[in-house]
Q: 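Just passing along the structure, written as C-alpha cells.
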Amino acid sequence: MGDHPSVVGLRVSVTIIHSCTIVLTSWRLWYKIFHQCWWWEDMWAAIALAAITTSGVSVWIFSSTPMDSQPWDGPIIAYWLLMINFTIGLWSSRLSMICSIVRLSPPTRIRTVACCAAAAFGAIAIALLIHKCWFCARYHDWETIAPLSCSLAPSVGITQVISDFLSDMTLVVLPARILHQIKVPRNHRILILSVLSCSLITTLLSIVHAVFFIQADPILKILTAQLEMAVSLIVCNLLPVVICLYKGLRSKDLDLSLRRHPTDSMFLTTIVDLPSSDDYAIEEFKSIT
C-alpha cells in the first residue's frame, strides 16, 4: 500500500492515538500494582493493552505493501491480527468497566444485574469473534484479492452497532443507579457520570465504523476500528486516573491550608457517620483508586 496519503494518514493516526492509549493504560496498571489494589478490571485492561499494542504493529505490517499488489503472508497475518484484536481489545475494555461496576456496587439487585451484564459482554465478544473467524476462514478467497479485506455480511456491522449501543448504555445506567443509592457529594457524582458517559463516544465511532465496514473500504475500516478500540480503552482508564488526580490535588490543597494556619490556632472537626446500608458501597467506591 506504499506511501499513499491515506496509508500515511492511517499510520500516523493509529501511531499517535495508540501511543497515548498505551502510556495511559500502562500508568494505570503500574499505579494499581504499586498500591496493591489489582483486581479483575485491571486484568481486562491489561488484555486490552496487549491487543492494542499488537494492533499498532499489525497496522504497519498490513500497510507495508501497495494496495493493488498481490497479498503475501505478512499483510494477511496482520489483517487477521487486526480483526481478532479489535474484538478482544474493544470488549476487554468494556469488561474492565463492568467489573469495576460489579466491585463498586452494593450486594443488592444491582450487583446481580452487573454480573449478568458482564457475562453478556463476554458472550457477545466470543460470538462475534467466532463468527468473524469462521466466515473469513471458510470464505478465504479474499486472501488472494487486492485490496486485502474480508467482507463480512452487512448484518454483522448492524449487530455490532446494536451491541455497542446496548453495552455502552449499560455502562452509563448502572453507575447512575449505584450513585443514586449511596452517599456521594453532588460534584463527585457529576464528575463520575461525566467520565462514564464518555463511553457513548464509542457508540458514535461504532456507527462510523459500521458505515465503512459495509462499504468494505479497507483503510477507513481499519482506521475507524482502531480509533473505536483506543477510545474505549481510554474511557476505561479515565475514572481511575481522574480519581487519582483529584485525590492528589485535594491532598495538596489540604497541605497548603494546614501550612497557612499557625499550630496554636488550628482546630480539627471530626464527622462521624452512623453505620448504614451504604457503608459497603462507599468503601468499595473508595477502593477503586
Side-chain angles (χ1 to χ4, degrees), residues 13-57 59 85-105 114 117-118 121-122 125 164 167-168 170-172 174-176 178-179 184 187-203 205 225-252 281-289:
S13 301
V14 169
T15 300
I16 292 175
I17 188 67
H18 281 19
S19 297
C20 296
T21 307
I22 290 170
V23 170
L24 183 64
T25 309
S26 299
W27 182 88
R28 174 248 178 97
L29 296 177
W30 169 83
Y31 181 84
K32 289 299 192 75
I33 293 174
F34 182 79
H35 289 276
Q36 299 180 348
C37 51
W38 182 275
W39 207 63
W40 285 101
E41 69 254 35
D42 304 303
M43 183 200 72
W44 287 114
I47 293 175
L49 174 62
I52 203 169
T53 303
T54 305
S55 295
V57 176
V59 165
N85 282 300
F86 166 69
T87 304
I88 293 176
L90 180 64
W91 287 95
S92 293
S93 300
R94 289 175 174 149
L95 281 167
S96 176
M97 294 182 69
I98 196 67
C99 284
S100 296
I101 295 173
V102 170
R103 185 164 64 89
L104 302 179
S105 57
F121 284 11
D164 289 342
S167 60
D168 291 335
T170 301
L171 294 174
V172 175
L174 283 180
I178 294 173
L179 292 173
V184 178
N187 57 335
H188 294 186
R189 190 189 306 268
I190 295 174
L191 173 65
I192 296 168
L193 288 178
S194 299
V195 170
L196 294 173
S197 297
C198 292
S199 60
L200 297 178
I201 299 176
T202 310
T203 301
L205 288 173
Q226 296 303 303
L227 290 176
E228 182 182 355
M229 177 173 57
V231 169
S232 180
L233 186 52
I234 289 173
V235 174
C236 164
N237 294 319
L238 276 183
L239 187 57
V241 171
V242 168
I243 292 178
C244 176
L245 293 176
Y246 179 81
K247 285 179 61 179
L249 293 174
R250 188 178 180 184
S251 62
K252 185 181 294 186
I282 294 173
E283 290 302 318
E284 286 292 292
F285 176 77
K286 291 178 180 178
S287 66
I288 192 173
T289 60

Q: May I ask you to establish whether Arg103 and Trp39 are in a cation-pi arrangement, using a distance under 6.0 Å from NZ or CZ to the six-membered ring centre and at most 45° from the ring axis?
A: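 Pair Arg103/Trp39 counts as cation-pi.
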
Q: Angle between ring planes, Phe34 versus Trp30, binned at 30° and 60°: parallel, tilted or perpendicular?
A: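 The arrangement is parallel - the two ring planes meet at less than 30°.
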
Q: Contact between Ile17 and Ile234 at the side-chain level, heavy atoms closer than 4.5 Å - yes or no?
A: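 Yes, close enough: below the 4.5 Å cut-off.
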
Q: Are side-chain heavy atoms of Leu171 and Phe121 found at a separation under 4.5 Å?
A: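 SC-SC contact between Leu171 and Phe121 confirmed.
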
Q: Evaluate the side-chain proximity of Ser93 to Met229: yes if any heavy-atom separation is below 4.5 Å, no if none is.
A: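 No. Closest side-chain heavy atoms not under 4.5 Å.
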
Q: CD1 of Ile88 to CD1 of Ile47: how many Å apart, nearest 0.5 Å?
A: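 If we round to the nearest 0.5 Å, Ile88:CD1 and Ile47:CD1 are 8.5 Å apart.
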
Q: Distance check, rounded to the nearest 0.5 Å: Thr21 atom OG1 versus Ile52 atom CD1?
A: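 That separation rounds to 4.5 Å.
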
Q: How far apart are the closest heavy atoms of Ser19 and Thr15, and which atoms are they?
A: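 Residues Ser19 and Thr15, closest heavy atoms: OG-O, 2.6 Å.
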
Q: Check whether any side-chain heavy atom of Leu29 lies under 4.5 Å from a side-chain heavy atom of Trp38, and answer yes or no.
A: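 The answer is yes; the side chains approach within 4.5 Å.
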
Q: Which heavy atom of Gly56 sits nearest a heavy atom of Val14, and at what distance?
A: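 Heavy atoms of Gly56 and Val14 come nearest at CA-CG1, 4.3 Å.
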
Q: Can you give me the closest heavy-atom contact between Ala45 and Leu233, atom names plus distance?
A: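 Heavy-atom minimum between the residues: O-CD1, 4.3 Å.
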
Q: What pairs with Trp44 under ring pair (Phe, Tyr, Trp, His ring centres under 6.0 Å), at least two apart in sequence or on another chain?
A: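 Result, ring pair (Phe, Tyr, Trp, His ring centres under 6.0 Å) vs Trp44: none returned.
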
Q: At their closest point, which heavy atom of Thr87 faces which heavy atom of Ala125, and how far apart are they?
A: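 Looking at all heavy atoms of both residues, the closest pair is CG2-O, 3.7 Å.
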
Q: Working to the nearest 0.5 Å, report the span between CG of Leu174 and CD1 of Ile98.
A: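 Answer rounded to 0.5 Å: 5.0 Å.
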
Q: Below 4.5 Å, heavy atoms only, C-beta onward: do Leu49 and Ser26 meet side chain to side chain?
A: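 They are in side-chain contact.
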
Q: Please name the pair of heavy atoms, one in Gly122 and one in Leu95, separated by the smallest distance, quoted to 0.1 Å.
A: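 Scanning both residues, the minimum pair turns out to be N-CD2, 4.0 Å.
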
Q: Going by side chain to side chain donor-acceptor pair (under 3.5 Å), name the pairs with one or both residues in residues 225-245, residues two or more places apart or in two chains.
A: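 Sorted result for residues 225-245: His18-Gln226, Thr25-Asn237, Arg28-Asn237.
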
Q: Donor-acceptor pair, Ser167 side chain versus Asp164 backbone, under 3.5 Å?
A: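 Yes; judged by distance alone, with no hydrogens or angles, the pair exists.
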
Q: Would you compute the distance between atom OG of Ser100 and atom CD of Glu41 and round it to the nearest 0.5 angstrom?
A: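 Interatomic distance, Ser100 OG to Glu41 CD, rounded to 0.5 Å: 3.5 Å.
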
Q: Could you state the interatomic distance from CE (Met43) to OG (Ser96), rounded to the nearest 0.5 Å?
A: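 Answer for the CE-OG pair, Met43 versus Ser96, is 9.0 Å.
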
Q: Looking at every heavy atom in both Val102 and Ala114, which two are closest together, and how far apart are they?
A: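 What the structure gives for the nearest pair is CG2-CB, 3.6 Å.
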
